[in-house]
2 protein chains.
Amino acid sequence: MNYSRQRESIKEYLMSTKEHPTADIIYQNVKMEYPKISLGTVYRNLTLLVEVGEVKKISTGDGTEHYDADTSAHSHYYCRCCHRLMDLEVTPSVDQILAASSAGIGTVESANLLFTGVCKDCIREQNK
Amino acid sequence: MNYSRQRESIKEYLMSTKEHPTADIIYQNVKMEYPKISLGTVYRNLTLLVEVGEVKKISTGDGTEHYDADTSAHSHYYCRCCHRLMDLEVTPSVDQILAASSAGIGTVESANLLFTGVCKDCIREQNK
DNA sequence: TTTAAAAATAGTAATTATTACTATTTTGCT
DNA sequence: AGCAAAATAGTAATAATTACTATTTTTAAA
């Protein structure tokens with residue numbers, strides 16, 4: 001992977017915000033510095049950065065993906081009303097998280113935990 | 001909400017499978033019973049069923065949504081290789097889940113917990 | 001059991017997010 | 001400087017989802 005100003009700018013913007021922006025929002029912001037940047041470049045670099053582990057992709061089910069340069073272990077709270085995605089600095093038991101967050105940030109209508117990895121079947125396939 | 005055979009069939013199919021199918025897979029299956037059903041009908045009813053709480057929508061970030069008629073509190077494991085979404089009957093501490101699932105199902109590359117609800121700001125707005 | 005309004009449907013068109021393609025430019029190396 | 005690999009802008013294509021409309025189904029009341 002070679003250096004690119006555009007990719008740096010994307011990373012910089014992502015690190016400067018706590019908003020968990022979508023590709024399009026990132027595009028609009030990076031365009032201020034690089035008016036000729038194309039949306040495809042934003043998507044390609046986001047995919048790259050996620051692959052390399054420098055950025056996390058967060059799926060809320062609202063129709064578009066959100067991105068976060070904070071790769072530390074933390075959870076998120078999504079408001080289905082204003083569509084904001086917020087940080088939650090928690091890792092303890094789900095019950096505790098539920099109690100804590102329902103007291104703090106808003107109502108909790110669902111708490112979903114999703115693990116991603118490569119399953120045993122696929123590992124077996126790969127070792128053939 | 002009025003009764004509809006198509007909606008019943010969608011629910012029936014969803015309850016019969018552990019596969020967490022996408023709208024399109026559901027469409028293909030319900031089409032066996034109702035060959036004239038349209039994809040729009042599937043989408044509309046899935047949205048309705050999710051709103052009413054009879055079905056859960058699960059976002060893996062793989063480009064399409066998955067649906068689950070099992071609304072009990074459980075987590076999921078997504079394999080980024082074969083794109084299968086599997087059930088995990090867990091609710092204890094995230095650390096325990098991590099340990100348990102990494103031993104069992106496959107590698108765990110990420111564990112993401114997402115809460116959804118209505119945030120305090122929105123509740124405040126609504127009470128005006 | 002007819003009937004009329006409300007809700008749902010099939011089929012199609014439109015929209016939106018994302019990916020693919022290509023000719024040109026930038027980067028890293030020697 | 002000069003060359004290959006990687007990246008880009010711009011555009012076209014794809015895939016998932018939503019919107020629209022004329023017709024059919026459902027529901028409940030006459």
Side-chain angles (χ1 to χ4, degrees), chain A residues 1-14 19-52 54-68 78 80 83-85 114 116, chain B residues 1-14 19-52 54-68 78 80 83-85 114 116:
Chain A
M1 184 156 69
N2 276 356
Y3 168 90
S4 106
R5 310 143 186 231
Q6 288 89 336
R7 188 185 306 128
E8 278 314 298
S9 183
I10 288 168
K11 253 169 59 181
E12 224 167 80
Y13 170 65
L14 261 180
E19 298 288 313
H20 309 89
T22 63
D24 196 66
I25 301 281
I26 295 167
Y27 171 59
Q28 285 170 39
N29 277 275
V30 175
K31 213 153 65 169
M32 290 174 189
E33 197 179 349
Y34 293 97
K36 299 203 122 191
I37 198 172
S38 85
L39 187 52
T41 298
V42 172
Y43 272 107
R44 187 167 23 75
N45 280 300
L46 285 172
T47 304
L48 269 172
L49 291 168
V50 169
E51 269 169 20
V52 164
E54 292 191 55
V55 166
K56 290 216 169 182
K57 182 166 95 167
I58 304 154
S59 305
T60 64
D62 70 351
T64 183
E65 304 291 337
H66 296 253
Y67 295 88
D68 190 353
Y78 176 70
R80 65 163 173 73
H83 304 281
R84 270 186 303 163
L85 188 57
L114 180 69
T116 304
Chain B
M1 182 155 70
N2 276 357
Y3 169 90
S4 106
R5 310 141 185 235
Q6 289 89 334
R7 188 185 304 129
E8 278 313 299
S9 183
I10 288 167
K11 251 169 60 179
E12 225 168 79
Y13 169 64
L14 260 180
E19 298 288 313
H20 310 88
T22 62
D24 196 66
I25 300 281
I26 296 167
Y27 171 62
Q28 285 170 39
N29 277 276
V30 175
K31 212 153 66 170
M32 291 174 187
E33 198 178 350
Y34 293 97
K36 300 203 121 192
I37 197 172
S38 85
L39 187 52
T41 299
V42 173
Y43 272 108
R44 187 166 24 75
N45 279 300
L46 286 172
T47 305
L48 269 172
L49 292 167
V50 168
E51 269 169 21
V52 164
E54 292 190 54
V55 165
K56 288 214 171 183
K57 182 166 94 167
I58 304 154
S59 305
T60 64
D62 71 350
T64 182
E65 303 291 337
H66 296 253
Y67 295 88
D68 190 354
Y78 176 71
R80 64 163 173 73
H83 304 281
R84 271 185 305 164
L85 189 56
L114 180 70
T116 304

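Letters A, B, ... are given to chains in the order of the sequence lines, protein chains preceding strands, and every chain is numbered from 1.
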Please report, rounded to the nearest Å, how far the C1' atom of D:dA16 is from the CG atom of B:Asp62.
11 Å
DNA chain C: first to last nucleotide in contact with chain B (atom under 4.0 angstrom from a heavy atom), 5' to 3', is C:dA7 to C:dG11
Would you say the side chain of B:Leu14 lies within less than 4.5 Å of the side chain of B:Pro21, judging by non-hydrogen atoms?
yes
Say whether, by atom type as modelled, one donor and one acceptor occur between the side chain of A:Arg5 and the main chain of A:Tyr34 under 3.5 angstrom.
no
Which is more 5' along DNA chain D, the nucleotide nearest B:Lys57 or the one nearest B:Tyr3? Just name the residue.
B:Lys57
Within a strict 4.5 Å, meaning less than it, do heavy atoms of the B:Leu48 and B:Asn45 side chains meet?
yes
In short, A:Lys57 meets B:Gly61 closest at the heavy-atom pair NZ-O, 3.0 Å
Can you check whether B:Tyr13 reaches B:Ile25 side chain to side chain, under 4.5 Å on heavy atoms?
yes
Between OH of B:Tyr67 and P of D:dA16 the distance, given in whole Å, is 12 Å
Below 4.0 angstrom from OP1 or OP2 of D:dA6, is there any side-chain N or O of A:Arg7?
no
Taking all non-hydrogen atoms of both residues, which atom of B:His20 and which atom of B:Leu85 are closest, and how far apart?
ND1-O, 2.8 Å
Would you mind checking if A:Lys11 and A:Glu8 are paired as a salt bridge, meaning a charged N to carboxylate O distance below 4.0 Å?
yes
Separation of D:dC3 atom C1' from A:Asn2 atom CG, nearest Å, is 14 Å
I want to check something: taking the side chain as every heavy atom from C-beta on, are A:Tyr67 and A:Ile26 in contact at a cut-off of under 4.5 Å?
yes
So if I take residues 37-52 of chain A and measure heavy-atom distances to DNA chain C, which residues fall below 4.0 Å?
A:Leu39, A:Tyr43
Toward the 5' end of DNA chain D, by each residue's nearest nucleotide, B:Ser4 or B:Ala23:
B:Ala23
